[in-house]
Amino acid sequence: MIRVVPDTNVLLHARKLASLGWDHLGESEVAIIIVGPVITEIDKHKMKPGRLGRRAREVSADIRETIRLPERTKVLRDKGPRVTMQIVAGVALHERLHPSLDLNNMDHQIANHCLALAKDGQEVRLLTNDTIASLIAEEVGIPAMILPEDWLLAPEADEAEKKLKQANAEIAMLRSQEPRMTVEVLGADGKPMTRLVAKIRRYPALPAYQVQDLADYAGRICPPIEDFGPKTFAEAIAEEEKAYTDKRLSALMRLGRASTLAMEAVFNPVTEDKIQFYRTVTYPKWLAQLREALETIHHHFNRTQGWPTLELVTANSGTRPAEGVLIEARVRGALRLRRVLPEKEQSDGSARPRPLPSPPAAPRGAIVRRDRFRHLMSIMAPPPAAFLREPPVFEQLLPRNIVPDPTLLCWKPARGKAASMVRGECTIWRHHGEARRESLFVEAVCESGKAQGAIDLTISAHNLSERLEQTLPVDLEVETDDTAGFARALIDDFSKLEPYFRRS
């Protein structure tokens, strides 16, 4: 067994005695002796503020509890090693056991107590964190053990640290009451992506000789139409009857046609002026427009063929609506962004300009039917009075400026237009609502090779303390494709257009 006498600093600034690493002493039992001078010093610190006074009160209460136990001994740990604490207050209070000691000094008094405990032959050590105290003990023959660093309590925060901790807690509380904007980037497969890697094909511009060859080819497979329809009423009726017979109309459609036959039929023959205008103006103009379209058709192919897409999924999962939300997607490197057209516009060819203009329709003679009664009424009816043409007074007083919905997310630029940045703005973004989605094309500016860069995503709001930032690296490999072959396939489709042969 070894006896350890801790000084005041150990009891006030080290961790609790039961939790210290006594096993490194290599003894099966350790007796911690609390001597009188240490108890006196502990009592002097009990009324001090902060952690020092609080720790002094805890140690003092532990000492009082131990004093009431048998032999003034308390077991702190049963094994590994066994640790006990014993109060020995009245040893050698007035008897100086070494000539170099001064009993009026507190450190000397503790060393004198250690000498008194060592008289019975037991090993005694002084446990201290004070260099002077350790020197005094070793001078009188008592081994001193300096308190290990890992036995000390963690430093107590000063006033500045406490204020900083309090400020951080307040900031965390305020942020918990903010909107919480989130953004996720999904690939074409609908899965989150952290890097965009794709191989794409780019169509180069057609040289002048290929533009001329393709225009001549279009003129050969779609020459000017020479059939301008029936020239007489009888021919028109015969052609119409043949068309209805070929279509094999149902009974309901035949009934509808019978009702139209009861109406007044007027034959409009094609005039020579219209024919000449078609031959000299309309058809040559189409060839000229076709050449212009072929010169820029590579832009259309590059906009619509094989560019990788990504989808931005943005939501507000916070506790407050976000005000003045701004979403920006900005590209770095030889890249461009383009908002994807809606599915309705993608499926409807009329919503987008055709890559090549179709051959013009030739003028044709045709039969026109009209309701005789409505025709007569339109001729005989007088023009409406002025007061009927003017809108009513109450309609003139209605406000014309309609306030837009503040919850709408407005994106710029317009769909289908390439830009280096795409931005969305929303006045009020409600919390816990459905996520909003926007699909984007990523395009390369270079003709071939590799196009590397990144897409920087940022989301900010008036009531958001920190803006959300996210970066998506982009690595595109661009390969050159056959623009002339693609354009020739489009021209071949002209010959399959039935309206080109039979237009009225």
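- Open room surrounds CD on Glu149; 12 or fewer heavy atoms of other groups in view lie less than 6.0 Å from it.
- Contact record, Leu335 with Val331: O-CG2, 3.5 Å, taken as the closest heavy-atom pair.
- Side chain of Arg336 to backbone of Ala419: no donor-acceptor contact under 3.5 angstrom is found.
- To the nearest 0.5 angstrom, His298 atom NE2 is 12.5 Å from His300 atom NE2.
- More than 12 heavy-atom neighbours from other residues, nucleotides or ligands sit within 6.0 angstrom of CD on Gln276.
- Contact of the Val183 side chain with the Gln470 side chain is registered, since non-hydrogen atoms from C-beta on lie closer than 4.5 Å.
- Put simply, the side chain of Thr471 does not reach to within 4.5 Å of the side chain of Leu457, judged on heavy atoms.
- Summarising the geometry, atom NE2 belonging to His462 is positioned 8.5 Å from atom OG1 belonging to Thr427; distances are rounded to the nearest 0.5 Å.
- A salt bridge is absent between Glu184 and Lys191: the closest approach of a Lys/Arg side-chain nitrogen to an acidic carboxylate oxygen does not fall below 4.0 angstrom.
- The two residues Leu214 and Ala487 come nearest to each other via the heavy atoms CD1-CB, 4.0 Å.
- The shortest distance between side-chain heavy atoms of Leu290 and Pro357 falls below 4.5 Å.
- In this structure, Leu17 and Trp22 approach most closely via the heavy-atom pair O-NE1, 2.8 Å.
- Here Glu272 does not pair with Lys274 in a salt bridge; the nearest charged N to carboxylate O distance is not below 4.0 Å.
- Taking the side chain as every heavy atom from C-beta outward, Met181 and Asn316 approach each other to under 4.5 Å.
- A distance of 12.0 Å separates CD in Gln452 from CZ in Arg332, rounded to the nearest 0.5 Å.
- At most 12 non-hydrogen atoms from other residues, nucleotides or ligands lie less than 6.0 angstrom from CZ of Arg467.
- In this structure, Arg436 does not pair ionically with Glu434, as no charged nitrogen and carboxylate oxygen lie closer than 4.0 Å.
- Rounding to the nearest 0.5 Å places CD of Glu58 at 12.0 Å from CG of Leu11.
- Using a 4.5 Å heavy-atom threshold, the side chains of Leu490 and Pro355 count as touching.
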Apply side chain to side chain contact (heavy atoms under 4.5 Å, CB included) to residues Ile327 and Trp411 and explain how you reach the verdict. CA-CA 9 Å; Ile327 305 174; Trp411 288 91; 4.0 Å; yes
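- No side-chain heavy atom of Pro192 sits less than 4.5 Å from a side-chain heavy atom of Val185.
- Note on Lys450 versus Asp475: no salt bridge recorded, every NZ/NE/NH1/NH2 to OD/OE distance being 4.0 Å or above.
- Heavy atoms only, all atoms of each residue included: Met421 and Pro413 are closest at O-CD, 3.8 Å.
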Could you walk me through whether Val340 and Phe441 pass side chain to side chain contact (heavy atoms under 4.5 Å, CB included), step by step? CA-CA 6 Å; Val340 178; Phe441 281 127; 3.9 Å; yes
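- For Trp151 and His24, the ring centers are positioned less than 6.0 Å apart.
- The two residues Thr483 and Pro204 make their nearest non-hydrogen contact at OG1-O, 2.8 Å.
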Salt bridge (charged side-chain N to carboxylate O under 4.0 Å, His left out) between Glu443 and Arg338, worked out: CA-CA 8 Å; Glu443 302 180 1; Arg338 189 187 303 272; 2.3 Å; yes
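- Using a 4.5 Å heavy-atom threshold, the side chains of Ile455 and Leu337 count as touching.
- Ile297 CD1 to Leu356 CG: the interatomic distance, rounded to the nearest 0.5 Å, is 4.0 Å.
- Electrostatic pairing of Glu438 and Arg339 counts as a salt bridge here, judged by a charged N lying under 4.0 Å from a carboxylate O.
- For the pair Arg291 and Trp286, the cation-pi criterion (under 6.0 Å, within 45° of the ring axis) is not fulfilled.
- For Arg430, the CZ atom is loosely surrounded, since the number of other residues' heavy atoms within 6.0 Å does not exceed 12.
- More than 12 non-hydrogen atoms from other residues, nucleotides or ligands lie less than 6.0 angstrom from CZ of Arg57.
- Closest heavy-atom contact between Ala322 and Asn463: CA-OD1, 3.7 Å.
- A donor-acceptor pair shorter than 3.5 Å can be found between the side chains of Asp405 and Thr407.
- Proximity of Leu186 to Leu312: side-chain heavy atoms (C-beta onward) are nowhere separated by under 4.5 Å.
- Around CG of Asp216, the count of heavy atoms belonging to other residues, nucleotides or ligands within 6.0 Å exceeds 12.
- At least one donor-acceptor pair under 3.5 Å links the side chain of Tyr278 to the backbone N or O of Ile225.
- How far CG of Leu12 is from CG of Leu153: 9.5 Å, rounded to the nearest 0.5 Å.
- Of the possible donor and acceptor atoms, none in the side chain of His432 sits under 3.5 Å from a partner among the backbone N and O of Thr319.
- Between the side chain of Arg77 and the backbone N or O of Ala18, at least one donor-acceptor pair lies under 3.5 Å.
- Looking at Asp492 and Tyr217, their side chains do bring a donor and an acceptor atom within 3.5 Å of each other.
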